Number of protein chains: 2
Amino acid sequence: MATATIYDVAAHAGVSIKSVSRVLNAEPNVSQALRDKVDKAVAALGYRRSLSARTLAGASSSLIAALVDAQLTIEHWRSGRGNDYLSRLELGALMECRQADFHLMVELVDHGSPDLRRDLMSLLASIRPAGVMLTPPNSDHPVVLDVLDEAGIPYARIGPESDFHRGIRVSMDEQQAAADITDHLIDLGHRRIGMITGPLGYSASRLRLAGFEAAMKGRGLTIAPGMVVDGDFTFQSGLAGAERLLAAEPRVTAIFAANDDMALGVLQGAAAMGLSVPGDLSVAGFDDTPSALFSTPSLTTIRQPVAEMAAAATRRLVPSLRAALAQGEAAEAVVVPYALIVRASTGTPPAE
Amino acid sequence: MATATIYDVAAHAGVSIKSVSRVLNAEPNVSQALRDKVDKAVAALGYRRSLSARTLAGASSSLIAALVDAQLTIEHWRSGRGNDYLSRLELGALMECRQADFHLMVELVDHGSPDLRRDLMSLLASIRPAGVMLTPPNSDHPVVLDVLDEAGIPYARIGPESDFHRGIRVSMDEQQAAADITDHLIDLGHRRIGMITGPLGYSASRLRLAGFEAAMKGRGLTIAPGMVVDGDFTFQSGLAGAERLLAAEPRVTAIFAANDDMALGVLQGAAAMGLSVPGDLSVAGFDDTPSALFSTPSLTTIRQPVAEMAAAATRRLVPSLRAALAQGEAAEAVVVPYALIVRASTGTPPAE
DNA sequence: TTGAAAGCGCTAACAA
DNA sequence: TTGTTAGCGCTTTCAA
């Protein structure tokens, strides 16, 4: 396959290579006639610019690098499970890249490495991405942010938890979402609602707890002692949390778990105690992982707009896409709307 | 960040750039002294070759492109669900790329496009990957294979269903896996076992059915009429299939669904009929999607080694990795072992 | 065993 | 509005 080069196109169109380059880059001050000639030649030859040549010559690289955490990824690899978060993220980014003729490269970053700085610098030197998308926990790693700043490479941080002045921040309103799902339970008639939190080291966990507390307070409800228990986002901790919450009297009629895996654990715990869901107990989760849809009963939860966040990030990282954004849209801090998904695991509380 | 170039390294080491290049490429006929000097300079400068310059200058690109189906991906995007298959695939590929200092690029391919041939050629011209990984249904698309052959780019096909002489084929033994899970049910004491198949247009569906039939026959069991019903891999079709199978008398004591989503539908159908699983009915799936672990009861299933298949493919696509493979391992057709995962949805049949 | 010089296919000054 | 000429940082001839 002797691929056509810019010289072939120029020859075919009877113009200089610079003119071809101008048309290809949509530069101003080009006559329509020239534009047409070049377009025709490009079409005739099935020409496409070489990514390497463009990057080498100094254009930005039309390449977005997604820096994902190696440890988390390896954990998923070992457990044989996929990584729903990662795949949704990618889909969102890919859809946008496609529009702009950009490419997505996925890179594993070992954020615990002592050579992180050097690893990162050499990675960037090697691939020279036009922009970088950071996923938690890389979104908040100071070394990662520093290196990117020094290299002058634009970056978008998905779900940042700190340094709210650096880079492009794309997130959802965790607190409001938690408040919404709590309100949903209260609207159904629940008064005694328990919560299982995520690890409080994550601000997402703290925000979800704050949303729960705010909603309860906003509706004049008190959270009895022991009605908030700690979890660590695992199925097991959800199960354990459910056992503790359901042992207390008067029993809670609803449990809000800070993620779906824990909510699934609650479902199992309830089943083990012979409690029907939602007849005896309503259960709500957070994230809308695939398993939430197929659990019995299916789980009421918050859909984290992961794909949408990645798409928003990509749109702000790719120059041509960014240019197409409306004025207000182009902000450096974007909050993407979530959705409350009401399924079968929540209902009215049992009669007293 | 003024990144170091090969000239900087050469200057630092007091040698020519060609020598640096030789050391970097592990070419023969290089003195140890020179090698040491260069290595030291590289380390001192934190030097890393530019991917673009290398590719442009003619070296193969140290880039693997995964060509995934755009339609499937967009469907997943719209439905808000992730894509477990894709993420497992990527993890496997990424882990291997990392070893070899290769990079993974994910590309959407619209296999229904009338311009597929041109799209593909220009994609390859643009990124010039050293190797390509094909996922279903691209694994079997003749145009895709043709273009790759013409371009002389090595490719690996995950789960190929035809053309068993082209490219590197990486698969698992679908039929044996189905036979294994059927044997598992028979070993538990089941005699009346129903099956819900996938769309028979896919050879994977046919192989799973063949495995079921072979196992039944191998154990001297007959498959009564109506004991095999068609499904289409969706939850809904699993539910419908269960309703049909469970309406027949004498009732089946076990159902093998050709994938997990359908098995989850069976679980729901059984629950709706007041049947306990596995007390009254055993249910087995296929794939080991994340939801299989969290369903109630958790699902006995076959773990598709998606990540392992991708890793095997990558190992055969990356020259340095391929060189490290043992003799027999290097075959162009690789069968990766699956695993039978016995969970809570299968047990001994109810007493007659 | 080493090095000098010529590209790879583009973009970016600088002219015309 | 268009074209000419240098590079970008490598690998690859071809010499030494």
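The shown structure was predicted, so the numbers you read here are calculated from the model rather than taken from an experiment. Quick note on labels: first sequence line is chain A, next is B, and so on, each numbered from 1.
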Q.
So which atom in A130(A) and which in F102(A) form the shortest heavy-atom distance, rounded to 0.1 Å?
A. CB-CE2, 3.9 Å
Q) Between S122(B) and R48(A), does any side-chain donor sit less than 3.5 Å from a side-chain acceptor? A) yes
(Q) Can you see if the side chain of R54(A) gets near the phosphate of dT11(C) - specifically, an N or O under 4.0 Å from OP1 or OP2? (A) yes
What does the list of N/O pairs under 3.5 Å between the protein and nucleotides 2-6 of chain D look like, with a distance for each?
residue, atom, partner, partner atom, Å
dT2(D), OP1, S31(A), OG, 2.8
dT2(D), OP2, S31(A), N, 2.8
dT2(D), OP2, S31(A), OG, 3.1
dT2(D), O4, R22(A), NH2, 3.0
dG3(D), OP2, S16(A), N, 3.1
dG3(D), OP2, S16(A), OG, 3.1
dG3(D), OP2, S19(A), OG, 2.4
dG3(D), N7, R22(A), NH1, 3.3
dG3(D), O6, R22(A), NH2, 2.8

(Q) In the structure I gave you, are the side-chain heavy atoms of R117(A) and E150(A) within less than 4.5 Å of one another anywhere? (A) yes
Q: Specify the separation, in whole Å, of atom OH of Y47(A) and atom P of dG9(C).
A: 10 Å
Q. Can you check the E27(B) CD to dT11(D) C1' distance for me, whole Å?
A. 9 Å
Q | Nearest atoms (heavy-atom pairs only) where N138(A) meets D69(A) | A | ND2-N, 3.6 Å
Q | Nearest-angstrom distance from the residue atom CG of L45(A) to P of dG9(C) | A | 13 Å
Q) Atom CG of L56(A) to atom C1' of dC8(D): distance rounded to whole Å? A) 4 Å
Q. Is there a donor-acceptor pair under 3.5 Å between the side chain of D140(B) and the backbone N or O of E161(B)?
A. yes
(Q) Can you measure K37(A) atom NZ to dT1(D) atom P for me and round it to whole angstrom units? (A) 14 Å
Q: Specify the separation, in whole Å, of atom CG of N25(A) and atom P of dC10(C).
A: 11 Å
Q. Where the side chain of R54(B) meets the backbone of R49(B), is there a donor-acceptor pair that is under 3.5 Å apart?
A. no
Q.
Could you tell me how far apart R128(A) (CZ) and dT11(C) (C1') are, to the nearest whole angstrom?
A. 15 Å
Q) Side-chain donor-acceptor pair under 3.5 Å between Q71(B) and H111(B), yes or no? A) no
Q. Are OP1 or OP2 of dT11(D) and a side-chain N or O of R49(B) less than 4.0 angstrom apart?
A. yes
Q.
Output the rounded distance in Å from CG (L51(A)) to P (dT11(C)).
A. 11 Å
Q) Are S21(A) and dC10(C) close enough that a side-chain N or O sits under 4.0 Å from OP1 or OP2? A) no
